[in-house]
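Scroll down for the structure; my scribbles are underneath it.
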Protein chains: 2
Amino acid sequence: MAHSNSQRGVCLPMSERKRVTIKDLAAEVDVHYSTVSRVMNPATRHLVAEEVATRILKLAELRGFRPNRIAAGLRTQRSGLIGVVLPDIANPVFPPILAGIEAVLGRHGYVPIVVNAGVERARQRFVIDQLLARQVEGLVLATAERDDPLLDYCFQLGIPVVMVNRGEHTGRASCVVSDSQLAMALTVDHLVSLGHRSIGHIAGPASTSTGELRREGFMQAVKRHRLRRGAYAVVEAESYTREAGRRACAQLFEALPGLTAIAAGNDLVAMGCYDFLRERGLRCPEDVSVVGHNDMPFVDALTPPLTTIRIPVHDMGEQAAELLLRRIEKPQTATVVIELRPELVVRGSTGAPPGQG
Amino acid sequence: MAHSNSQRGVCLPMSERKRVTIKDLAAEVDVHYSTVSRVMNPATRHLVAEEVATRILKLAELRGFRPNRIAAGLRTQRSGLIGVVLPDIANPVFPPILAGIEAVLGRHGYVPIVVNAGVERARQRFVIDQLLARQVEGLVLATAERDDPLLDYCFQLGIPVVMVNRGEHTGRASCVVSDSQLAMALTVDHLVSLGHRSIGHIAGPASTSTGELRREGFMQAVKRHRLRRGAYAVVEAESYTREAGRRACAQLFEALPGLTAIAAGNDLVAMGCYDFLRERGLRCPEDVSVVGHNDMPFVDALTPPLTTIRIPVHDMGEQAAELLLRRIEKPQTATVVIELRPELVVRGSTGAPPGQG
DNA sequence: CTGAAAGCGCTTACAG
DNA sequence: CTGAAAGCGCTTACAG
């Protein structure tokens with residue numbers, strides 16, 4: 001029954017045609033299949049007579065031969081697969097990072113397996129196990145929180161790991177991040193130069209490296225400018241979301257009633273600030289200036305267009321992939337932290353403080 | 001030299017520890033490795049004595065054994081890999097689709113390989129070849145244009161394919177799309193009910209199924225409402241981008257000077273309309289109403305918040321993955337077109353036409 | 001219930 | 001320059 005339509009002589013639909021293998025080719029050219037294998041690999045091609053090689057290559061082309069990378073990988077112990085673990089692909093920061101990763105990987109003959117790991121521990125482990133069962137040669141983690149147990153799990157398993165976007169401080173893995181300290185310096189400098197003297201910061205969750213580092217950066221900048229206590233305040237958003245930003249913004253106004261400028265932990269948080277200001281009937285930037293972080297797509301189309309920090313997301317992906325590949329080649333390579341240079345993009349959400357225009 | 005740090009007795013870093021295989025386990029429990037194999041597979045586990053099975057399972061746990069899916073796949077001819085081909089991961093429509101795909105795949109023990117195929121023919125073929133070399137069992141294509149040669153290539157190769165977001169009309173592949181006709185009916189009905197009698201449509205590129213179908217849907221809706229010729233117009237945007245939308249919007253005003261409402265091909269195009277209206281000093285929605293399509297993230301934060309069509313992106317991904325999986329199981333399954341139900345989300349960019357408020 | 005064997009599609013020393 | 005063989009880590013008829 002199952003074979004009712006595969007009688008001899010009937011042309012099978014392509015989907016049922018057997019994939020062609022080196023053995024098929026070898027039989028047809030009448031050489032041993034190891035010779036075919038040598039020809040298919042550019043690095044060993046020179047080992048076989050040119051005439052034979054061209055004959056094989058031509059036939060391979062004709063038959064649409066495609067070497068089975070998976071079989072090769074089994075033999076060579078290299079799958080050519082890299083796992084990319086994201087907390088949430090729908091977060092607009094990740095797609096460009098992923099694009100950067102994929103670009104570099106492709107150039108080196110690798111291919112990414114992308115998974116959404118979410119936030120639950122159990123799911124994260126499951127996903128990593130899936131990846132490992134597929135023999136991924138390394139992992140790019142964009143999920144990591146400070147002291148992330150997932151990281152411990154990876155190290156325990158002995159798989160090469162690099163972190164992107166968020167960092168970690170134990171030095172066990174290389175990280176590619178944007179320079180948060182510089183970013184916050186740019187932000188605060190900009191605000192101060194506009195005349196602001198009462199500035200609040202809505203920090204991201206302290207469990208993330210970005211949350212912590214941006215907060216530190218803010219504090220340093222504020223001290224460098226000798227803002228006195230009472231001229232600045234920091235509150236923490238529960239998460240990097242618009243809604244958490246809105247709530248944190250409310251708290252910030254309680255902590256620092258006279259504030260004229262807000263450095264938001266990221267653009268989503270900044271959007272939450274917009275929401276809050278609108279509710280309160282406060283105008284941006286006339287009453288309160290807002291600076292975001294990330295330069296997400298389309299924040300230039302908000303009203304007002306958001307002044308924010310642009311982080312080189314695509315680059316981050318590329319660098320992370322390169323670091324990982326290097327580490328796979330040479331496992332002894334020292335871990336490094338690559339800090340990429342962010343830049344301030346001034347748009348319409350920042351201006352002089354009220355009464356100073 | 002290369003082995004200088006792997007002398008006997010020295011504890012190797014984890015990363016150099018050999019992966020444990022069924023043979024290792026078998027040797028330790030003193031059974032044949034085929035027995036271990038049977039135990040590891042839930043479907044054949046009942047074939048072995050319970051006592052033996054538990055002993056093996058326990059050891060596997062202890063040694064952190066993870067069956068090599070790739071080796072298994074080589075033997076069973078099933079890689080458990082699905083290729084997902086996107087035109088551009090950075091386009092906000094795709095991440096949720098991808099999330100939907102991945103969710104279903106994961107539930108069935110599959111894992112996605114995601115690639116950005118871009119728009120160049122050569123790159124697209126290269127990318128598909130890469131995927132095929134990895135023995136992907138099927139492909140989800142989100143790239144497809146009408147009469148896409150890439151599709152021909154896939155069929156020629158005989159690989160199961162399903163299309164998502166964009167469709168194709170030859171019936172060779174199943175498609176999962178949003179119902180464009182309904183979407184445009186909702187859009188035009190909404191506009192007409194607000195009192196608009198002069199409505200323009202900025203169509204997406206005719207080379208995409210969405211561009212063509214939405215245009216047709218617009219025409220049908222307009223005729224159903226018996227709008228006379230001269231009361232509507234259609235222009236085509238060169239691409240689904242903000243800038244192309246801005247240019248097309250300018251053309252639209254030339255084609256239909258008295259227009260009071262625009263049905264944009266998608267949200268990016270709608271943003272281009274916002275840009276154009278602002279340039280011209282026209283207010284939205286007081287002077288001109290605008291409806292988008294897709295309900296991209298954060299279009300609710302634009303000024304005015306964009307009235308648009310929400311398409312069930314996550315669902316589309318899920319359905320596409322399910323269809324593909326079904327087709328892989330039963331290649332003879334008829335191809336289907338699944339049209340998902342979009343809905344109108346009314347926000348601030350639509351209102352009564354001027355002089356009728 | 002368990003073992004022994006063949007084989008998935010490759011790569012790569014080892015001979016010749 | 002080419003062939004023959006072993007083996008990567010599994011699965012699965014086939015015996016017993």
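Evaluation of atom-type donor-acceptor distances gives a pair under 3.5 Å for the side chain of A:R38 against the base of D:dG3.
Taking atom CG on B:L47 and atom C1' on D:dA13, their separation rounds to 12 Å, with Å as the unit. The interatomic distance linking A:R78 (CZ) with C:dT11 (P) rounds to 13 Å, in whole Å. Look at NE2 on B:H46: it is 13 Å from P on D:dT12, rounded to the nearest Å. C:dC8 atom C1' lies 9 Å from atom NZ of A:K23, rounded to whole Å. In this structure, B:R19 places its CZ atom 15 Å from C1' of D:dC10, rounding to the nearest Å. B:R134 has its CZ atom 22 Å from the P atom of C:dC8, to the nearest Å. Between B:R45 atom CZ and D:dT11 atom C1' the separation is 16 Å, expressed in whole Å. In this structure, the CD1 atom of A:I56 is 8 Å from the P atom of D:dT2, given to the nearest Å.
Under the 4.0 Å criterion applied to side-chain N and carboxylate O atoms, A:R19 and A:D24 are not assigned as salt-bridge partners.
The side chain of A:I22 has C:dT11 as its nearest neighbour among C:dC14, C:dT11, C:dT2. Checking C:dT11, C:dA5, D:dC8 against every side-chain atom of A:A72, the shortest atom distance belongs to C:dT11. Taking the side chain of B:V31 as heavy atoms from C-beta on, and the options D:dT11, D:dG9, C:dG3, the nearest nucleotide is C:dG3. Comparing C:dT2, D:dA6, D:dA4 against the side chain of A:R75 picks out D:dA6 as the nearest. Comparing C:dT2, C:dT11, D:dT12 by their closest approach to the side chain of B:V48 singles out C:dT2. The side chain of B:T76 has D:dT11 as its nearest neighbour among C:dC1, D:dT11, C:dG3. Here the nucleotide nearest the side chain of A:T35, chosen from D:dG3, D:dC10, D:dT11, is D:dG3. Side chain of B:Y33, nearest nucleotide from C:dT2, D:dC8, C:dA6: C:dA6.
Listed here is the closest heavy atom pair of B:V136 and B:S79: CA-OG, 3.9 Å. Here the closest non-hydrogen pair linking B:R66 and A:L157 is NH2-CD2, 3.1 Å. Across all their heavy atoms, B:H32 and B:A26 have their closest contact at C-CB, 3.9 Å.
Across B:R55, B:R63, B:K23, a single residue satisfies side chain to side chain donor-acceptor pair (under 3.5 Å) together with B:E28, and that is B:R63.
For the 3.5 Å distance criterion, the side chains of A:Y110 and A:E137 qualify, holding a donor opposite an acceptor.
Taking 4.0 angstrom as the limit, A:S37 places a side-chain polar atom (N or O) nearer than this to OP1 or OP2 of C:dT11. Distances shown here put a side-chain N or O of B:Q77 below 4.0 Å from the OP1 or OP2 atom of C:dG9.
Between B:A71 and B:H32, the residue anchored nearer the 5' end of DNA chain D, judged by the nucleotide with its closest heavy atom, is B:A71. For B:A53 and A:N41, each mapped to the nucleotide of DNA chain C holding its nearest heavy atom, the one lying further toward the 5' end belongs to B:A53.
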Pairing pattern in dot-bracket form [Watson-Crick, G-U; both distances under 3.5 Å; | = partner strand] for DNA chain D:
|||.||||||||.|||
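Taking a 6.0 Å sphere around CZ of B:R45, one finds it holds more than 12 heavy atoms contributed by other residues, nucleotides or ligands.
Judged by distance alone, the side chain of A:R327 and the main-chain N or O of A:V161 form no donor-acceptor pair under 3.5 Å.
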